[in-house]
> 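One structure, as structure tokens, below. Some questions next.
Please read these numbers as outputs of a predicted model, since none were measured by experiment. Below, all heavy atoms of this structure are taken into account, side chains as well, without hydrogens, waters or symmetry copies.
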Amino acid sequence: RATALTGCYASVIGGTAAAKVVFSREVRKRANSDPRVKSMSAEVERSTDPASRTLLRARLAGVVQEVMLEYQAEVAAEFDAIHTVERALKVGSLEEIIEPAKLRPEIIRSLAEIR
């Protein structure tokens with residue numbers, strides 16, 4: 001019997017981990033398309049002075065990291081929005097969804113049924 005608590009997610013992996021591992025290519029694609037990254041990349045390419053170019057590349061790396069984190073959060077939220085317990089119930093992966101306050105009585109009831 002599969003039961004879940006209200007407010008839980010129904011996936012093997014959470015949205016944050018999925019964004020970092022499973023959807024890392026999508027996150028990088030979004031980040032590379034971001035205007036801030038494009039603008040900073042163009043600035044690096046325009047630079048002809050080696051010292052300035054080195055500094056600009058370091059700034060670009062910081063911008064890319066910041067933007068990647070933003071898109072990881074976005075992809076994680078999209079993933080978690082899809083993998084809800086309500087969806088799992090609808091597709092038959094769960095039998096019911098209960099409120100957390102009712103968990104203990106449900107476990108006791110389920111154990112009593114096993115006897």
> Kindly work out whether a path of hydrophobic side-chain contacts (I/L/V/M/F/W/Y, heavy atoms less than 4.5 Å apart) joins V22 to V75.
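Result: yes, single cluster for both.
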> Is any side-chain heavy atom of E106 closer than 4.5 Å to a side-chain heavy atom of T3?
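No, side chains not in contact.
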> Would you list the pairs meeting side chain to side chain donor-acceptor pair (under 3.5 Å) in which at least one residue belongs to residues 37-48, sequence neighbours left out?
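Matches after skipping sequence neighbours: none remain.
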> State which residues pass side chain to side chain donor-acceptor pair (under 3.5 Å) with S24; sequence neighbours excluded, sorted by chain then number.
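If we apply the side chain to side chain donor-acceptor pair (under 3.5 Å) test to S24, skipping adjacent residues, there are no hits.
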> Give, for atom CD of Q72 and atom NZ of K20, the distance between the pair rounded to the nearest 0.5 Å.
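So the CD of Q72 and the NZ of K20 are separated by 6.0 Å.
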> Linking Ile, Leu, Val, Met, Phe, Trp and Tyr by side-chain heavy atoms under 4.5 Å, what else ends up with I114?
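Via sub-4.5 Å side-chain contacts, I114 links to L5, I98, L103, I107, L111.
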> What residues form a side-chain contact (heavy atoms from CB on, under 4.5 Å) with K29, not counting sequence neighbours?
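For K29 the side-chain contact (heavy atoms from CB on, under 4.5 Å) partners, ignoring immediate neighbours, are E26.
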> With ILVMFWY side chains joined below 4.5 Å, transitively, what does V91's cluster contain besides itself?
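In the cluster with V91 there is nothing else; it is isolated.
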> If you look only at pairs with a residue in residues 51-62, which of them pass as a side chain to side chain donor-acceptor pair (under 3.5 Å), with sequence neighbours excluded?
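Non-adjacent pairs meeting side chain to side chain donor-acceptor pair (under 3.5 Å): D49-S52.
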> Can you run down the salt bridge (charged side-chain N to carboxylate O under 4.0 Å, His left out) pairs that involve residues 64-73, sequence neighbours left out, and say none if there aren't any?
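Every pair satisfying salt bridge (charged side-chain N to carboxylate O under 4.0 Å, His left out) with a residue in residues 64-73: R36-E70.
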> Going by the side chain to side chain donor-acceptor pair (under 3.5 Å) test, which pairs reach into residues 75-88, not counting sequence neighbours?
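Found R30-E78.
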> Taking all non-hydrogen atoms of both residues, which atom of A76 and which atom of T16 are closest, and how far apart?
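Minimum heavy-atom separation between A76 and T16: CB-N, 3.6 Å.
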> Take atom CZ in R109; do more than 12 heavy atoms of anything else shown fall under 6.0 Å from it?
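More than 12 heavy atoms, drawn from other residues, nucleotides or ligands, come within 6.0 Å of this atom.
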> Within this structure, what is the CD-CD1 distance for the pair E113 and I108, rounded to the nearest 0.5 Å?
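One finds 12.5 Å between CD of E113 and CD1 of I108.
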> Could you report the tightest heavy-atom contact between I13 and F79, atom names first, then the distance?
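In terms of heavy atoms, the two residues are closest at O-CE2, 3.1 Å.
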> Mind checking who shares a hydrophobic cluster with L94, ILVMFWY linked at side-chain heavy-atom distances under 4.5 Å?
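Noted: L94 shares its cluster with V85, L89, I97.
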> Under the side chain to side chain donor-acceptor pair (under 3.5 Å) test, which residues partner E95, sequence neighbours left out?
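Partners of E95 under the side chain to side chain donor-acceptor pair (under 3.5 Å) test: none.
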